[in-house]
Amino acid sequence: MSQKKPEKLIDENDVRSDGRKLNEMRQVKIEVGILGNADGSAYIEMGKNKILAAVYGPREIHPRHQALPDRAALRCRYHMAPFSVQERKSPAPSRREHELSKVIRESLEPSIFAEYYPRTAIDLFIEVLQADGGTRCAGITAASLSLADAGIPMRDLVSACAAGKVEGRLVLDLNDVEDKGGDADMPLAYMPTMNAVTLLQMDGMLTGEEFEQVLSMALEGCKQVNQLQKEALKAKYKVVKEAAAEKEDEGEKEATE
Ligand code: ADP
């Protein structure tokens, strides 16, 4: 949601325009397995961002010429709904959406064992319902969970978070006004167990020293996101386990009656 830029993005007490501290991430809410018709799905709210991710596959690939002989083809579509920003966005895929689809796919490819499923497709859809800066990171976080939810064997979850520079100060997880009015933004995707970065982009200018500080802030952000991802995955299986136990109890009751 683009908002009017406040006069100051950071006040004299180091408080940001949305009330956060410099190294504070936005509120994150994650749910796994919420779409009945997809093989895997996840929903994330990161501040005002609201994003759905859905996965189909591994499944037969069409058109056939896209088949890869040695692994599954991960195909990714990042899309912003027309109502996701204040001015209606054209539903047609923009240049930006094409680029984000590509970088998101590349950030997730190293995490999956695509070689287990040669000549198939894994189709990933990221639908931004409401945007407020940092949608590629929140999209990657949800997409990685939807791949896990689809049961695709993975080396690690991919967790993403940006950090950057606003009014000369280094900050974690920029929102839309900070992204637009700030000096630099660095989205990062990371596999914590593998200690591997799968996406690193940068917009704006930073000194060498600032670059290192922003990188370590973003890494810390990714680690926080990873904890929340794991909790969300566990929460889904807790519900499944409880439902199975309930069913078992009912079965036992019926048998004794
Ligand atoms: P990211 O969402 O990963 O930060 P960008 O830096 O390209 O990607 O975009 C920053 C923010 O700009 C988006 O999160 C969204 O809030 C806003 N934005 C992007 N595209 C549009 C658009 N077509 N109309 C209005 N706002 C947009």
Side-chain angles (χ1 to χ4, degrees), residues 1-6 9 16-18 20 22 24-30 42-53 76-108 124-146 158-167 170-190 197-206 211 214-215 217-219 221-222 224-225 228-229:
M1 260 186 319
S2 358
Q3 298 150 4
K4 228 177 124 207
K5 182 179 179 290
L9 291 171
R16 292 156 71 177
S17 55
D18 56 7
R20 281 183 293 155
L22 299 181
E24 190 179 337
M25 191 184 292
R26 286 173 285 186
Q27 280 260 340
V28 177
K29 184 184 138 191
I30 305 177
Y43 171 72
I44 186 166
E45 287 181 11
M46 194 166 192
K48 290 180 186 155
N49 287 318
K50 296 185 179 185
I51 301 173
L52 260 175
C76 171
R77 188 190 80 155
Y78 163 99
H79 181 248
M80 278 180 41
F83 48 81
S84 63
V85 284
Q86 270 181 354
E87 291 276 321
R88 175 187 175 276
K89 184 207 152 279
S90 157
S94 63
R95 216 185 85 102
R96 172 179 171 273
E97 285 165 305
H98 276 297
E99 183 202 321
L100 289 195
S101 300
K102 176 182 180 286
V103 297
I104 291 172
R105 172 173 56 75
E106 288 172 350
S107 76
L108 294 164
L124 168 64
F125 298 90
I126 295 174
E127 201 63 31
V128 180
L129 307 176
Q130 184 167 287
D132 188 37
T135 59
R136 85 193 62 195
C137 287
I140 289 168
T141 299
S144 181
L145 282 171
S146 65
V158 182
S159 315
C161 185
K165 186 174 162 186
V166 173
E167 293 178 349
L170 305 187
V171 296
L172 183 66
D173 185 25
L174 286 74
N175 63 24
D176 190 42
V177 278
E178 292 175 332
D179 185 346
K180 304 251 156 67
D183 311 319
D185 181 30
M186 184 200 289
L188 187 81
Y190 178 63
V197 169
T198 61
L199 169 111
L200 195 160
Q201 294 185 290
M202 204 183 101
D203 211 0
M205 294 289 279
L206 293 173
F211 176 87
V214 168
L215 181 59
M217 271 177 107
L219 276 174
C222 291
Q224 284 179 43
V225 168
L228 300 167
Q229 282 176 302

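Counting starts at 1 for both ligands and their atoms, in listed order.
Expressed to the nearest 0.5 Å, how far CD of Q201 lies from CG of L100 amounts to 7.0 Å.
Which parts of ligand 1 touch D179 is read off a 4.0 Å heavy-atom cut-off, strictly below it: atoms 4 (O), 6 (O), 10 (C). Taking every heavy atom of V85 and a limit of under 4.0 angstrom, the matching atoms of ligand 1 come to 24 (N), 25 (C), 26 (N), 27 (C).
In this structure a side-chain-to-backbone donor-acceptor pair under 3.5 Å is missing from Q224 to G221. Between the side chain of E45 and the backbone N or O of K29 there is no donor-acceptor pair closer than 3.5 Å. Judged purely by atom type and a 3.5 angstrom limit, E99 has no side-chain atom pairing as donor or acceptor with the backbone of R96. Between the side chain of T141 and the backbone N or O of A160, at least one donor-acceptor pair lies under 3.5 Å. Side-chain atoms of D132 never come within 3.5 Å of backbone atoms of N49 as a donor-acceptor pair (strictly under, hydrogens ignored). Between the side chain of R16 and the backbone N or O of E178, no donor-acceptor pair lies under 3.5 Å.
Residue G134 holds the heavy atom nearest to atom 4 (O) of ligand 1 of all those in S90, G134, A160, P82.
Distances shorter than 4.0 angstrom occur between a heavy atom of R96 and an atom of ligand 1. At least one heavy atom of G133 sits under 4.0 Å from some atom of ligand 1. Using a non-hydrogen distance threshold of 4.0 Å, Q86 does not register as a contact of ligand 1.
For the pair K180 and ligand 1, the shortest N or O to N or O distance falls below 3.5 Å. Between T135 and ligand 1, at least one pair of N/O atoms sits closer than 3.5 Å. When only interatomic distances are considered, the shortest N/O to N/O separation between N49 and ligand 1 does not fall below 3.5 Å.
Within the 4.5 Å cutoff, the side chain of T135 has heavy atoms near those of the Y78 side chain.
Neither the backbone nor the side chain of L174 has any atom closer than 4.0 Å to an atom of ligand 1 (non-hydrogen atoms only). For E87, no heavy-atom contact with ligand 1 is shorter than 4.0 Å.
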